[in-house]
Structure formats: C-alpha cells, structure tokens
Amino acid sequence: MTMMAIAPELPKAYDVIRLLHSEGIKVASAHTKATSAQIRDAMETVGLDIVTHLCNGMRGIHHREIGALGQYLMEDHLMYELITDLNHVCKEMIQLCFKLQPYDKFCLISDSNYIAGLPTGRYMRYGREMIADEKGLILDLHGRICGSGKWVLYNMKQLVENVGVGLEEVVRMASGNPARFLGIDDQTGSIAEGKRADLAVISDDYQCKMTFVHGRCVYDQSAGRQVLNLEALKRRID
C-alpha cells in the first residue's frame, strides 16, 4: 500500500487527492494551515484517510474557530498518527484526543530521525545544524521541533505509565492499527496462524530484547551486538 501526504488547502490539492484515490493510494492530511471549514470541505468533497502527526504542525483549537485539529477530531472517517513522547503533545491533550475518538483510530508513531538515541549535543542533518536536547527532542537552531530523539517503545511506555492507557490498547496502536490502515493486517500487525511472524520481544522497562522478521531473528540483545548509528555520531559537532 502507498500513502502520500498533502495539505488539503493547497491549490489543486483536490485534483491530486482524486488522482491518488483513483490509483488506490491513501491520502494523509499533512501539516496544514487549513481552517475547520477547509478540512470539512476536503472531507466532504474528496475524502482524507489519515492525519499526519495529530496536533503538530496544524491550526490548533480556538473557542471561536476550532481549526484543523478540532475538525479532525470531529470526523468519523479518519485515522490519526499520534506522537506520544509527551514532548510533541502534552498528556492532557492526548487524553482529550482519546476521549473524542476510540483507540482503534490511532496509529502510534515516533517521529524519530537518524539522530535518535544519540547523546545530547549538536549534529549535522541534511546540511543543517540540529540539536538533540536533554528532553529527547531534535531542534533547529531557532528552537523549532524537527523530530524526536525517542522511539515507539518509549512512546508506548509514556502512554501506559503516564497517560494511563492499558498496555493491550497501546500495543494495538503501535502494531495492529497501522497494519489495518495499510491494508496488510491479514499478513502482519498481530500474532496469528498464517501471518508473517514479525515480532518484537520487549522487557518490562520497554527495551527491545529480540526482533524477528518473517520468523527469523534479526536482532538479539543477549548477543552483545551494539546497535548504533555511527554515521550520525560522526556528524556530532560539539
């Protein structure tokens, strides 16, 4: 399955969305300045399938204009990407999202980039200087968020231990829901006879112990093999 992100208020965006849907391509509503009325019109006219990074990079909720975010959360036929490191979106906003839409509408994502997991410091990324801060954010020199230094397992931990979501629901948001959205849940996303056995074995503190792809072990922490992005580490500049 293929997916493309586009801001629906852009000129000719509807033509692009119609073409994508005619080719069986899912459409993500990307970071956008759209008003609630523009999002509502896009949903009614051409349809959208999922929201990119819910709450981030979009017009927020105001009591006189609910913005893109408010309209997204009122729609019945959308799914939502959500970054739950508690840096991109605060605990209370995440709880509000879950009160407005059921868990099975959310896909847990990380927004991590190749600096993720590296020590706090300054790095070069795509020819630009980036800062990995102590909270786990990747920032540009103006302090704008450009990604996360955390990963999905960390975000799962935040949901369970700080937001109060049950582990079973969190696992679905990280695996089953994305697979269902992508139309591959008959192959992967859960453990069942006939599926591909794409598995991650994690510890009680949300650390990856083993990873299997198509039933074959591709990572085993006990083997002592270190997983580290050496190329990114070389680009550290302080």
Side-chain angles (χ1 to χ4, degrees), residues 28-29 31-32 36 39 48-63 66-113 116-117 120 132-139 145-182 185 188-192 198-211 221:
S29 186
H31 297 319
T32 175
S36 60
I39 295 299
L48 302 167
D49 301 305
I50 196 167
V51 179
T52 298
H53 300 186
L54 186 69
C55 301
N56 297 115
M58 62 185 60
R59 191 186 296 262
I61 297 174
H62 187 276
H63 61 280
I66 63 171
L69 174 57
Q71 191 61 45
Y72 288 144
L73 289 170
M74 291 183 67
E75 296 292 337
D76 294 327
H77 304 291
L78 271 176
M79 290 192 71
Y80 310 95
E81 295 179 355
L82 187 61
I83 308 167
T84 63
D85 56 7
L86 301 189
N87 292 322
H88 282 74
V89 185
C90 74
K91 169 184 173 180
E92 292 79 11
M93 187 67 224
I94 293 172
Q95 291 172 327
L96 178 60
C97 291
F98 291 156
K99 281 186 176 291
L100 293 172
Q101 293 289 348
Y103 292 133
D104 64 5
K105 302 285 285 295
F106 291 90
C107 297
L108 186 59
I109 63 169
S110 68
D111 199 33
S112 63
N113 58 41
T120 300
D133 77 359
E134 63 282 353
K135 294 194 302 181
L137 284 170
I138 308 300
L139 308 171
I145 296 175
C146 295
S148 175
K150 300 298 184 181
W151 39 89
V152 167
L153 288 177
Y154 176 87
N155 294 354
M156 291 173 62
K157 177 180 179 180
Q158 295 298 329
L159 281 181
V160 174
E161 297 187 357
N162 293 308
V163 181
V165 183
L167 179 59
E168 187 173 334
E169 294 291 354
V170 171
V171 169
R172 286 198 190 97
M173 283 189 270
S175 57
N177 293 356
R180 175 167 48 83
F181 171 73
L182 294 171
D185 54 321
T188 189
S190 60
I191 302 173
D198 299 330
L199 310 170
V201 180
I202 66 174
S203 63
D204 290 339
D205 59 350
Y206 299 88
Q207 300 300 308
C208 184
K209 310 301 284 187
M210 300 178 74
T211 304
Q221 187 186 59

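The figures that follow rest on heavy atoms only: side chains count, while hydrogens, waters and symmetry mates do not. Computed from a predicted structure; not experimentally measured.
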* **Other residues, nucleotides, ligands: >12 heavy atoms within 6.0 Å of M74 CE** => no

* Just wondering, more than 12 heavy atoms not from I191 lying within 6.0 Å of its CD1? -> no

Spatial distance of atom [atom1] ([X]) from atom [atom2] ([Y]) [nearest 0.5 Å]:
{"X": "I50", "Y": "L78", "atom1": "CD1", "atom2": "CG", "answer": "8.5 Å"}
{"X": "L69", "Y": "I61", "atom1": "CG", "atom2": "CD1", "answer": "4.0 Å"}
{"X": "I83", "Y": "L108", "atom1": "CD1", "atom2": "CG", "answer": "9.5 Å"}
{"X": "I138", "Y": "S112", "atom1": "CD1", "atom2": "OG", "answer": "9.0 Å"}
{"X": "F98", "Y": "M173", "atom1": "CZ", "atom2": "CE", "answer": "4.0 Å"}
{"X": "T211", "Y": "I202", "atom1": "OG1", "atom2": "CD1", "answer": "10.5 Å"}

Heavy-atom pair of closest approach, residues [X] and [Y]:
{"X": "V163", "Y": "Q95", "answer": "O-NE2, 3.3 Å"}
{"X": "G189", "Y": "S175", "answer": "O-OG, 3.3 Å"}
{"X": "Y80", "Y": "Y72", "answer": "OH-O, 2.7 Å"}
{"X": "C97", "Y": "F106", "answer": "O-CZ, 3.6 Å"}
{"X": "T32", "Y": "A68", "answer": "CG2-CB, 4.0 Å"}
{"X": "S110", "Y": "S148", "answer": "O-CB, 3.3 Å"}

Taking [X] for the side chain and [Y] for the main chain, is one N or O donor matched with an acceptor at less than 3.5 Å?
{"X": "N177", "Y": "C107", "result": "no"}
{"X": "R180", "Y": "D104", "result": "yes"}
{"X": "Q158", "Y": "D85", "result": "no"}
{"X": "S36", "Y": "Q71", "result": "no"}
{"X": "Q101", "Y": "E75", "result": "yes"}
{"X": "H31", "Y": "N56", "result": "yes"}
{"X": "Q221", "Y": "K209", "result": "no"}

* **Validation row: H88, L137 side chains within 4.5 angstrom (heavy atoms)** => yes

* Flag the pair I94 / L86 as yes when at least one side-chain heavy-atom distance between them is below 4.5 Å, and no otherwise. => yes

* Taking the six-membered ring for Trp and the single ring otherwise, decide whether the centroids of Y206 and Y154 are under 6.0 Å apart. => no

* To do: Take M156 and L153 through the side chain to side chain contact (heavy atoms under 4.5 Å, CB included) test and state the conclusion after the steps.
  => CA-CA 5 Å; M156 291 173 62; L153 288 177; 3.8 Å; yes

* Please walk me through it: do V152 and I109 pass side chain to side chain contact (heavy atoms under 4.5 Å, CB included)? -> CA-CA 6 Å; V152 167; I109 63 169; 5.6 Å; no

